[in-house]
Protein chains: 2
Amino acid sequence: MNSVAKHLMSHGIRPSIQRIAIMQYLMGHATHPTVDTIYKDLHDDIPTLSRTTVYNTLALLEEKNAMMSITIDSHNVRYDGNANPHAHFQCRKCGMIFDSELNVTDLQNIKYPKGFDAQQVQVFYYGTCGKCREKEAMEKGKQIN
Amino acid sequence: MNSVAKHLMSHGIRPSIQRIAIMQYLMGHATHPTVDTIYKDLHDDIPTLSRTTVYNTLALLEEKNAMMSITIDSHNVRYDGNANPHAHFQCRKCGMIFDSELNVTDLQNIKYPKGFDAQQVQVFYYGTCGKCREKEAMEKGKQIN
DNA sequence: TTTCAATTTGTAATTTTTACAAATTAATAA
DNA sequence: TTATTAATTTGTAAAAATTACAAATTGAAA
Ligand SMILES: [Mn+2]
Ligand SMILES: [Mn+2]
Ligand SMILES: [Zn+2]
Ligand SMILES: [Zn+2]
């Protein structure tokens, strides 16, 4: 059996063709794709795949902690095959989402209201990515003023 | 002139009736409301208010840094009249969003990819709030097993 | 007052997500 | 194997959230 199927089973998920394809896609694409990107890309290989199945499967994978969703972008939920906790950076210019080295587990146990119990922490940085900053510098250089 | 109008003007926003009402609502409700909640609540006082105006105004207020939006919830964007940086906690049981004491500015300058430039950081905790934990404890107590 | 610009409004369109029942596929029992 | 049942997938329709846009209104400047 392939490693993706094993990953699913270790999380109590029966490894169907569709579930393997979606999980495999997430593990192979560290781009934090949207539902639509996942659907469109996979649809080329599996023309029978339904959008509903993508939604259903992503909900299942998340519930079983096989991956995580991130709400860094207000327009679309993003999905991340890397389930171990890490922070993210979204570029406001190009919209791309990058991983950050920040170990968010350090934050897990601090500074939320008394009597509360936190199970998860997400850290989202917003700013400008390296490429977009370079591009900006170029544009400025070209300007006369 | 009232203080809300002054706040708007200090951010370069012309203080119209609608803009004052929306900004005032956010400053008076630390509940991190959705667009719909803001619209429905204000509509009682200003029956002519349009949903589009609420969307437009919130986008403007955010652009001018008079307040901030938070994407802690995948279903709805939330709005926060408190623009100075702080973390948030969402209860997975009741959906409520609470402020956290965590000073996120500490995180501002650390651990995102090299050459990148972060302008903002958001920290979102997910878990169970105090009230929901109490409720859970009660339910468990009642059970025979 | 007239003119022009900014703002608001209402409607329609788009996008994202969810609901749901039928069809298909997989697992279990006979 | 074949019949029965359960799990999964599919397609369509509905709901919910957001955006586009042009007309109407309001405010500012000439
Ligand atoms: Mn990631
Ligand atoms: Mn807050
Ligand atoms: Zn970029
Ligand atoms: Zn709660």
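In the text below, chain A, chain B and the rest are named by the order of the sequence lines, each starting its count at 1.
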### Query
If you measure only the distance, is there a donor-acceptor pair under 3.5 Å linking the side chains of A/D80 and A/H88?
yes
#### Entry: Pair B/Q18, B/T53: side-chain N/O donor-acceptor within cut-off below 3.5 Å
no
### Message
Please list, in numerical order, the residues of residues 18-44 of chain A that have a heavy atom closer than 4.0 Å to any atom of DNA chain D.
### Response
A/Q18, A/R19
### Message
Treating A/Q90 as the side-chain partner and A/I97 as the backbone partner, does any N or O pair qualify as donor plus acceptor under 3.5 Å?
### Response
no
Quickly work out the [X] [atom1] to [N] [atom2] distance and round it to whole Å.
{"X": "B/L60", "N": "D/dT18", "atom1": "CG", "atom2": "P", "result": "18 Å"}
{"X": "B/D73", "N": "D/dA16", "atom1": "CG", "atom2": "P", "result": "15 Å"}
{"X": "A/M9", "N": "D/dA7", "atom1": "CE", "atom2": "P", "result": "16 Å"}
{"X": "A/Y55", "N": "D/dG11", "atom1": "OH", "atom2": "C1'", "result": "15 Å"}
{"X": "B/L49", "N": "C/dT11", "atom1": "CG", "atom2": "P", "result": "15 Å"}
{"X": "A/N76", "N": "C/dT14", "atom1": "CG", "atom2": "P", "result": "17 Å"}
{"X": "B/R51", "N": "C/dT11", "atom1": "CZ", "atom2": "C1'", "result": "13 Å"}

### Query
Parallel, tilted or perpendicular: which fits the ring planes of A/F116 and B/F89, with parallel below 30° and perpendicular above 60°?
perpendicular
### Query
According to the interplanar angle, ranging from 0 to 90°, do the rings of B/H29 and B/Y25 count as parallel (below 30°), tilted (30 to 60°) or perpendicular (above 60°)?
parallel
Under 3.5 Å between N/O atoms: give me all the protein pairs with nucleotides 19-27 of chain C, atom names plus distance.
from, atom 1, to, atom 2, distance (Å)
C/dA19, N6, A/T52, OG1, 3.3

### Query
Could you go step by step and tell me if A/R19 and A/L60 meet the side chain to side chain contact (heavy atoms under 4.5 Å, CB included) rule?
CA-CA 9 Å; A/R19 289 170 179 176; A/L60 177 72; 3.5 Å; yes
### Task
Would you tell me if any nitrogen or oxygen in the side chain of B/H75 comes within less than 4.0 Å of OP1 or OP2 on C/dT18?
yes
### Query
For the atom pair OG (B/S74) and CG (A/N76), what is the distance rounded to the nearest 0.5 Å?
11.5 Å
### Message
Within the structure provided, determine whether B/Q120 and A/Y125 are in side-chain contact (heavy-atom separation under 4.5 Å).
### Response
no
### Message
Quick one, A/Q119 and B/T128 - any side-chain contact, counting heavy atoms below 4.5 Å?
### Response
yes
### Task
Would you classify A/S16 as touching base, sugar-phosphate or nothing, given that sugar-phosphate means primed atoms plus P, OP1 and OP2, and contacts are heavy atoms under 4.0 Å?
sugar-phosphate
